[in-house]
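Quick note: numbers below take in every heavy atom, side chains included, and nothing from hydrogens, waters or symmetry partners. If you're wondering where the values come from, they're calculated on a predicted model, not measured in any experiment.
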Protein chains: 2
Amino acid sequence: MIYPGRGPVGYRELAGLLRDRIASGELRPGQRLPSETTLAQTHGVARMTAREALRMLRAEGLAAAVRGYGIVVREHVEPELVLVDAEDRISARPPSPHERDMYDVPEGVSMLVVTHPDGLQDLYPADRVVLAYRRDSSPD
Amino acid sequence: MIYPGRGPVGYRELAGLLRDRIASGELRPGQRLPSETTLAQTHGVARMTAREALRMLRAEGLAAAVRGYGIVVREHVEPELVLVDAEDRISARPPSPHERDMYDVPEGVSMLVVTHPDGLQDLYPADRVVLAYRRDSSPD
DNA sequence: AGGTATTTGTTCGTATGTATA
DNA sequence: GTATACATACGAACAAATACC
């Protein structure tokens with residue numbers, strides 16, 4: 001009763017297994033994960049169930065799908081440092097489909113939103129940018 | 001010209017229709033979207049196709065699923081203002097499953113990560129927090 | 001060049017479980 | 001208790017993109 005996960009391997013368990021294999025370094029960045037069909041066979045689940053597990057990893061930003069090739073472990077890119085003004089506000093939100101296309105943002109990656117005092121906003125893909133406040137050297 | 005707007009209704013088109021209905025205000029925050037079954041019937045698609053469209057809206061942060069009830073338009077919460085220092089670095093990333101559970105983060109919402117000079121990090125759900133610069137009022 | 005195999009993407013159908021109303 | 005609705009899982013088929021020969 002406490003353990004609802006007895007018996008069949010659900011997509012969450014399967015995702016957990018893959019997550020561990022990535023964290024342990026067995027599956028390295030840039031490397032392909034087992035295909036949906038392979039995972040389904042080796043774990044005795046349907047392909048759509050394996051696919052759901054992989055979708056979970058994609059949503060977590062751990063993996064990215066390449067159609068016709070496979071699903072690869074995301075590579076860590078050294079983020080670019082972007083300085084913002086002291087009056088700017090910083091938030092984050094998921095990209096719209098249009099923004100995902102424009103900025104080439106992988107699944108699971110949010111946009112960093114820098115809002116200026118005039119209301120205008122700058123957008124940065126959260127996987128490639130880190131923000132910091134520019135020290136205010138303006139005179140009074 | 002390829003296809004102006006004809007052809008089968010895919011989950012992306014269906015998601016677009018719902019996105020428009022949300023943006024136009026026809027579907028208001030807190031309100032239920034049509035159920036998966038209803039959408040499937042009214043648009044002549046399988047239930048899983050309708051479900052895929054709704055999943056897309058959830059990933060965009062526009063809607064959230066409530067099991068046994070329906071899928072509701074996300075309400076806008078007035079974000080809490082959190083002050084950060086000039087030495088802090090700000091980034092964002094998807095939450096781990098454990099963090100999603102701890103912070104009760106809806107699907108599609110990332111975590112704002114504030115990294116201090118000593119390496120320690122503060123985490124904030126990106127849908128409830130906005131960051132601002134703490135003006136250094138320390139005397140010299 | 002072409003052709004085949006692999007892999008992910010999409011869509012359909014069906015069934016069952018679980019939570020809410 | 002019944003009905004509704006989302007969650008999970010199975011099976012199947014074809015499309016689209018990539019890789020390999």
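- When the side-chain nitrogen and oxygen atoms of A/Arg51 are compared with OP1 and OP2 of C/dT7, none of them lie within a distance under 4.0 Å.
- Looking at residues 29-42 of chain B, you'll see B/Ser35, B/Glu36 sit with a heavy atom under 4.0 Å from some atom of DNA chain D.
- The backbone N or O of A/Gly10 sits less than 3.5 Å from a side-chain atom of A/Glu13, completing a donor-acceptor pair.
- Contact annotation: A/Arg12 side-chain N/O to D/dA7 OP1/OP2 distance is not under 4.0 Å.
- Rounded to an integer number of Å, the gap from CD of A/Glu52 to C1' of D/dG11 is 16 Å.
- Side-chain contact check for B/Met48 versus A/Met48: every heavy-atom pair is 4.5 Å or farther apart.
- Among D/dA9, D/dC6, C/dT10, the nucleotide with an atom closest to any side-chain atom of A/Thr49 is D/dA9.
- Using the Watson-Crick or G-U wobble rule with both distances under 3.5 Å, D/dG1 pairs with nothing in any strand shown.
- B/Arg12 meets the side-chain contact (heavy atoms from CB on, under 4.5 Å) test with B/Met56; sequence neighbours excluded.
- Judged by distance alone with a 3.5 Å cut-off, a donor-acceptor contact links the side chain of B/Arg47 to the base of D/dA7.
- Non-hydrogen atoms lying under 4.0 Å from DNA chain D are contributed by B/Arg58, B/Ala65, B/Val66, B/Arg67, B/Gly68, B/Tyr69, B/Gly70, all within residues 53-70 of chain B.
- If you measure from atom CE of B/Met48 to atom P of C/dG13, you get 12 Å, rounded to the nearest angstrom.
- Of the possible polar contacts, one joining the A/Arg32 side chain to the A/Tyr69 backbone as a donor-acceptor pair under 3.5 Å is found.
- Distance alone, capped at 3.5 Å, is enough to place a donor-acceptor pair between the A/Tyr133 side chain and the A/Asp88 backbone.
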* For salt bridge (Lys or Arg N to Asp or Glu O under 4.0 Å), just list the numbers for B/Glu107 and A/Arg55, CA-CA rounded to whole Å, side-chain angles, deciding distance to a tenth of an Å, and then say yes or no. => CA-CA 13 Å; B/Glu107 196 173 344; A/Arg55 187 204 298 271; over 6 Å; no
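- A/Arg128 contributes no side-chain N or O that, together with a main-chain N or O of A/Val77, makes up a donor-acceptor pair within less than 3.5 Å.
- A donor-acceptor contact closer than 3.5 angstrom is absent between the side chains of B/Asp85 and B/His116.
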